[in-house]
Amino acid sequence: MTRKVVTLIALVAVAGLFLVLLRLGTPNELGTVSRHYVERGIAENRAANLVTSVVVNYRGLDTLGEVTVLFLSVTGAAFVLRRRERKPVDARASRASEIVQTGARLLVAPIMLFGVYIFVHGHLTPGGGFQGGAVVASGVLLLLLADRERELPHGLMAWLESLSGFAFIVAGLAGLWVAGSFLANRGVLPLGEWNRLLSAGIIPVIYTLIGLKVGSELAALLDVMMRGEAVAAGHGAARSGGGRRGGRTRGGKNRKKGGRR
Amino acid sequence: MNLVPLFVAVPLAAAFIIPLLGIWWKKSGEVLAPVCTAILAIMAIVQTGAPASVHHMGGWAPPVGIAMVSDGLSTLLLIAINIVAFVSIIFSLKYMRVYTGLTKYYALFMLMVAGMNGVVLSGDLFNIYVFLEIASIASYALVAFGVDAEELEAGFKYLILGSVASVMLLFAIGTVYAVTGSLNMADVAREISVRFGTTMNPALLLAGAMFLMGFGLKAALVPFHAWLPDAHPSAPAPISAMLSGVVIKSLGIYAICRVFFHVFGVASGAGGSIIFANAMIAFAVLSIVLGGLLAIGQWDYKRLLAYSSIGQVGYIMLGIGVGARVLATGGQLSVAALAILGGLFHLINHAAFKSLLFLSSGAVQHATGTRDMKQLGGLRESMPITSWTINLGTLSIAGVPPFSGFWSKLIIIIATIKAGHYAIAAVAMAFAFVTLAYYVKVQREVVFGSVTKLVEKAREVPALMYVPLIILAIVCVGFGLLYPVFGARILEPARDALMNGTEYIQLVLG
């Protein structure tokens with residue numbers, strides 16, 4: 001009862017705050033920063049998709065951070081879920097019918113191709129690395145749904161995940177080296193002509209890296225969650241999981257050593 | 001070429017490459033992480049005395065792009081973060097051997113360092129949020145690293161409360177953006193001072209409250225402290241040292257300082273600044289009182305240290321809060337300068353002695369297998385080096401002259417009296433004695449006293465574990481005796497940077 005009353009009071013308070021904020025209103029015209037993006041974005045970055053220009057270049061450091069957050073969540077999830085016991089898998093129940101399996105196999109290639117298309121054209125058309133990566137991962141999800149025992153190429157995923165993140169930073173450092181500022185666009189690669197596939201300098205390179213990274217990470221996350229144990233990509237070395245060697249007797253080993261002395 | 005972005009790029013690159021190399025080379029983390037943190041620590045020390053600088057990310061001048069700002073305040077935090085990180089990594093090399101999944105451990109550790117370096121260097125509100133998330137999520141995973149029930153519970157609690165804080169911060173940043181149309185802190189500050197002056201905008205007041213709650217939770221100020229007494233003891237000792245030593249300060253205290261002094265213009269008496277300053281002082285006093293009282297009754301060594309962290313963070317916040325209040329009410333500049341100096345001095349002192357104490361608790365646990373103080377005692381014979389460092393650490397934090405904790409608490413209390421808050425000064429002084437009381441208990445139960453069964457068989461930890469303890473102990477003693485050497489070099493620039501909001505705006509926007 002008290003809990004309900006408290007919840008109600010909290011809800012009313014939040015609603016009140018919201019109304020106050022609504023009455024204050026937000027300006028309708030663009031601020032100085034947004035106006036800069038709209039008016040000069042294409043001239044400065046030659047990317048037809050302005051959003052990409054902002055995400056990858058003007059605020060590229062945020063994107064590097066967000067990619068890292070995803071990397072972290074996958075590592076963290078793989079970490080916590082590795083404790084769960086592996087359920088005995090009933091081969092018949094876990095496998096979908098022949099039709100679904102064949103259909104999935106046929107669909108995976110076009111889905112992945114579409115995902116790649118989205119992130120490769122991130123600087124031209126709506127979408128980009130995150131969206132394309134999610135589409136690629138949805139292809140993997142389809143494969144896993146059709147056949148739960150399917151082994152994903154963990155080695156390849158680990159490579160993609162780590163190397164694309166590393167290459168993002170190398171691209172940033174190239175900017176620091178060539179143009180004197182981290183993640184600089186101009187001077188590293190030619191900007192090219194507006195609205196061409198090879199344009200916008202370093203932006204499509206970075207978005208492709210992000211697409212590969214997001215795709216492999218989300219796929220790894222799906223894999224971990226479907227299996228309920230740590231076979232996460234990128235952590236092949238630690239596949240047996242973390243935790244303590246020899247259970248809780250941390251001091252035990254040392255005490256034995258002390259005894260020998 | 002400005003090397004400030006490397007503080008973020010180097011640990012991030014290490015974090016991405018360690019798991020990959022770990023597939024073939026099991027020791028990738030144990031080799032790369034110490035090398036990287038050593039480079040970062042040297043870079044941080046070189047950074048002292050360098051003039052304040054701004055690095056435009058991608059070459060875009062703020063407010064269009066993201067700027068990394070390195071001034072006195074961020075340099076102070078960089079030194080604390082990277083030196084404690086280096087020392088903790090060295091300690092980890094032997095200590096963490098009993099765990100598996102070490103490549104993940106070192107990768108997560110480097111991500112945590114990258115996140116904190118990013119927070120203290122970023123000049124952009126949303127960018128601070130992104131790096132804060134990196135550091136926080138890495139620390140959630142690291143708290144649960146042991147994956148036993150207790151650790152998982154602590155990690156989960158920390159995750160939930162930390163996420164609540166993150167939502168509040170995101171909401172606050174969104175509100176500020178809606179009002180000012182910019183995310184660059186200097187630009188937002190200019191916009192606020194030009195448009196609102198000393199009047200109070202309700203939306204900004206709400207945003208300020210959200211910032212204070214969100215960062216207050218990251219700093220574990222009472223009443224937002226519930227996660228800390230579980231999270232800090234459950235983590236492996238080097239992680240406890242990082243969490244108590246630098247994470248709560250860079251994600252919590254530093255962020256509060258930066259946002260309220262440089263964005264909301266508390267120092268120049270902007271609208272609502274007295275409310276904010278009062279709230280800071282109130283949270284500080286609550287933390288000092290509750291942290292101190294709860295620490296006395298603890299018998300778990302690391303849990304006692306964790307409660308003590310709450311109390312000590314209260315002292316830091318008290319210094320900053322009193323300084324903010326004096327500035328907001330137009331009081332004497334010298335009093336405010338003294339209070340802020342005391343707060344920042346206690347911040348860096350606490351980084352040194354609390355990480356020392358947590359690492360030594362790890363050494364004790366490593367050697368005896370327990371952290372229950374009832375089962376400990378008489379370590380001075382079997383573990384002389386660890387005992388000495390524990391003694392130095394406890395004397396410093398308890399505020400025994402001439403050790404470092406004494407001076408910083410003395411400065412804070414004198415400044416509080418000069419500002420006219422006699423009752424608060426009395427509370428702060430009384431709880432300095434409470435701190436002394438529970439650290440005397442630590443000494444009596446762990447270092448001195450009769451030798452227990454567990455301690456009999458213990459022996460001194462290997463050199464890779466006691467050398468970090470000795471380094472930190474020397475730092476603690478140095479902070480107590482050598483103020484003339486480091487004060488003008490790292491503390492006074494930090495204080496001046498914090499107090500001059502207009503200078504910050506000019507530095508960033510030119």
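All of these numbers come straight from a predicted model, not from anything done at the bench.
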Heavy-atom pairs under 4.5 Å with chain B, option from G60(A), G65(A), G175(A), S73(A) with the top count: G65(A)

L173(A) portion near chain B, given a 4.5 angstrom heavy-atom threshold: side chain

Spacing of L64(A) atom CG and F131(B) atom CZ [to the nearest 0.5 Å]: 6.5 Å

F16(B) vs L163(A) side-chain heavy atoms within contact, under 4.5 Å: no

Proximity breakdown for I202(A) and chain B, heavy-atom pairs closer than 4.5 Å: neither

Parallel, tilted or perpendicular: ring planes of Y58(A) versus W60(B), cut at 30 and 60 degrees: tilted

S181(A) side chain reached by M57(B) side chain, heavy atoms, under 4.5 Å: no

Top contributor to chain A contacts, counting heavy-atom pairs under 4.5 Å, from P63(B), S122(B), G181(B): P63(B)

Toward chain A, the part of L206(B) with a non-hydrogen atom under 4.5 Å: side chain

Check: V64(B) main-chain N/O paired with Y37(A) side-chain donor or acceptor under 3.5 Å: yes

Contact origin within P5(B) toward chain A - heavy atom pairs under 4.5 Å: side chain

Between CH2 on residue W159(A) and CD1 on residue I23(B), distance to nearest 0.5 Å: 7.5 Å

Engaged part of D124(B) at the chain A interface, taking heavy atoms whose separation is under 4.5 Å: side chain

F156(B), CZ: over 12 other non-hydrogen atoms inside 6.0 angstrom: no

Closest contact, heavy atoms only, G76(A) versus A141(B): CA-CB, 4.3 Å

Side chain / backbone / both / neither for L183(B) at chain A, heavy atoms under 4.5 Å: side chain

Interatomic distance, Y140(B) atom OH to L72(A) atom CG [nearest 0.5 angstrom]: 10.5 Å

Portion of L6(B) that has a non-hydrogen atom of chain A nearer than 4.5 angstrom: side chain

For S182(B) against V33(A), the heavy-atom pair lying closest together: OG-CG2, 4.0 Å

Most chain A-contacting option - heavy-atom pairs closer than 4.5 Å, from L12(B), I18(B), N127(B), L21(B): N127(B)

Under 4.5 Å from any heavy atom of chain B - which part of S34(A): side chain

Flag, side chain of H56(B) to backbone of F182(A), donor-acceptor distance under 3.5 Å: no

V130(B) to V69(A) - nearest heavy-atom pair and separation: O-CG2, 4.3 Å

Approximate separation, where rounding is to 0.5 Å, of D62(A) CG and I66(B) CD1: 3.5 Å

Contact check, side chains of F71(A) and L111(B), non-hydrogen atoms, under 4.5 Å: yes

Part of L108(B) lying under 4.5 Å from any heavy atom of chain A: side chain

4.5 Å side-chain heavy-atom contact, M68(B) and L61(A): yes

